[in-house]
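What follows is a short report on a single structure.
Indexing begins at 1, ligand by ligand and atom by atom, following the structure's order.
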Amino acid sequence: MKVSIIGSGYVGTTTALCLSELGNRAINIDVDEKVVDSLNNGDLHIYEPELEKLLNKHHNKDFRATNDYSSVLETDLTFLCLPTPSKPNGEIDLSIIKNSAKKLGKTLRKKDKEHFVIVKSTVLPGTTEKLGEIITNESSKELGKDLFLGMNPEFLREGNAVDDFMEPDKLVLGGNEKTRNKLKEIYRELIRKTELFETDVRTAELIKYANNSLLATKISYANEIGNICKELDIDTYEVMDAVGKDHRVKRDFLDSGVGFGGSCFPKDVKAIKNKLKELNLKPKVLKSVLDVNEKQPIRIVDLLEEKVNGLDGMKVGVLGLAFKPGTDDVRNSQSIPVIKELKRRDAEVIAHDPKAIKNMKEIFQNIVYKNNPKELVDSVDGCLLLTDWEQYKSLEIEKPCIEGRRLNNCRGICW
Ligand code: UGA
């Protein structure tokens, strides 16, 4: 099938290239000309290892990028894969996706055949319907007649995006029967090996939030138990290994540490928490999930301060800036509040990351960056290990160090 994918972030680009791999022809549309050129030249603009191989295989063949919305007219179906960031008050900011829906609607005015629009971005229940209104208004198409709307959330982890796409735990297809059948055609190869959940649009929207919020809840819960363990000199990983053996619990996402970051969990938990408030329901669990997560960065700085007897004027190394290993993404990384807190306490910050220095330089211009972690360790009074990059595992750290991820046998935030 011919498919257009609007948005060339890691979800959009992964979706486009994996759909090519599944035998579809994919056109990836993005407003950023640099990204478009780079994709068409076979250069991936993000760090996503397996995706690079797919780009090499499919670019200039069954994948191409463009900034021209009218390319949508060559396709049967459009996926919307645009960012839905948080506003400063935690509410979801829909301006990017609404603008795109408007442009898409205007473009579809020129199409005389039916078209399918599928939202992949994470949006609160009711949003896909609102986007549908924008598209019908702009296109003069009629919903259910020549315009079909669906919601198909993604469950892609950055750094594992291709594997998660090609070997999914589940596929959630939200929409009417005709829309779901269209999606089943696209995903034909995957349907044979995974479980299908066919729902209405709102249910599909909420499944994504419920999924991400539960994972974030597991992490904050593990951190709360981990904080108790630290005080009582108990190994929290030993505790969670046993707890996780209960098939009702599962061991995944019970690794305690400096907390969750990234472009998804913090924003999604905040958005669903705000939705509860909007519905006059009091968010209790989700509020605590965020509270615990906000305190972990302060806690790790406290622990280092205790160890080195004060941070004022101390040189502190930060090992790991990306929100997790395998990515150059620093969005909502817990390294950001850690660095802010170190600076607030007048420490001199020296940072290293194998992939994320360039991105972090856009946030902190006036800290020192080192390309060699060993050199960093040698030059500081103490350090914090914040991202569990494999290469830090064997790093000799003879300075006072607190780990935010269990990796190097140093004393940790929860162990
Ligand atoms: C997350 C979800 O895992 C995906 O299923 C989802 O599709 C995606 O958000 C999204 O909404 O687009 P991602 O943000 O790439 O994916 O990262 P995760 O691997 O889930 O990790 C999130 C954070 O939790 C990281 O900072 C990680 O270090 C932390 N974490 C994870 C822990 O602190 N402890 C754990 O046990 C697991």
Modelled atom types, side-chain donor and acceptor of Lys87 and Asn274, under 3.5 Å: no
Please check: side-chain N/O of Lys399 versus main-chain N/O of Val377, any donor-acceptor pairing under 3.5 Å? yes
Geometric cation-pi criterion Lys218 and Phe253, 6.0 Å radius, 45° cone: no
Contacts table for ligand 1: protein N or O within a distance under 3.5 Å of ligand N or O, distances only.
from	atom 1	to	atom 2	distance (Å)
ligand 1	7 (O)	Glu154	O	3.4
ligand 1	7 (O)	Glu154	OE1	3.0
ligand 1	7 (O)	Leu156	N	2.9
ligand 1	7 (O)	Leu156	O	3.3
ligand 1	11 (O)	Lys208	NZ	2.8
ligand 1	11 (O)	Asn212	ND2	2.8
ligand 1	12 (O)	Tyr10	OH	3.4
ligand 1	12 (O)	Glu154	OE1	3.4
ligand 1	12 (O)	Glu154	OE2	2.7
ligand 1	15 (O)	Glu158	N	2.7
ligand 1	15 (O)	Lys324	NZ	3.1
ligand 1	17 (O)	Lys324	NZ	3.2
ligand 1	19 (O)	Lys324	NZ	2.9
ligand 1	26 (O)	Gly261	N	3.0
ligand 1	26 (O)	Phe323	O	2.9
ligand 1	28 (O)	Arg405	NH1	3.4
ligand 1	33 (O)	Arg405	NH1	2.9
ligand 1	34 (N)	Asp255	O	3.0
ligand 1	36 (O)	Leu254	N	3.4
ligand 1	36 (O)	Asp255	N	2.9

Residue pairs, two or more places apart or on separate chains, that pass side chain to side chain donor-acceptor pair (under 3.5 Å) and touch residues 14-25: Glu21-Lys57, Glu21-His58
Classify the ring geometry between Phe79 and Tyr187 as parallel (under 30°), tilted (30 to 60°) or perpendicular (over 60°). tilted
Only one of Leu386, Leu376, Leu384, Ile350 passes side-chain contact (heavy atoms from CB on, under 4.5 Å) with Leu319, and that residue is Leu376
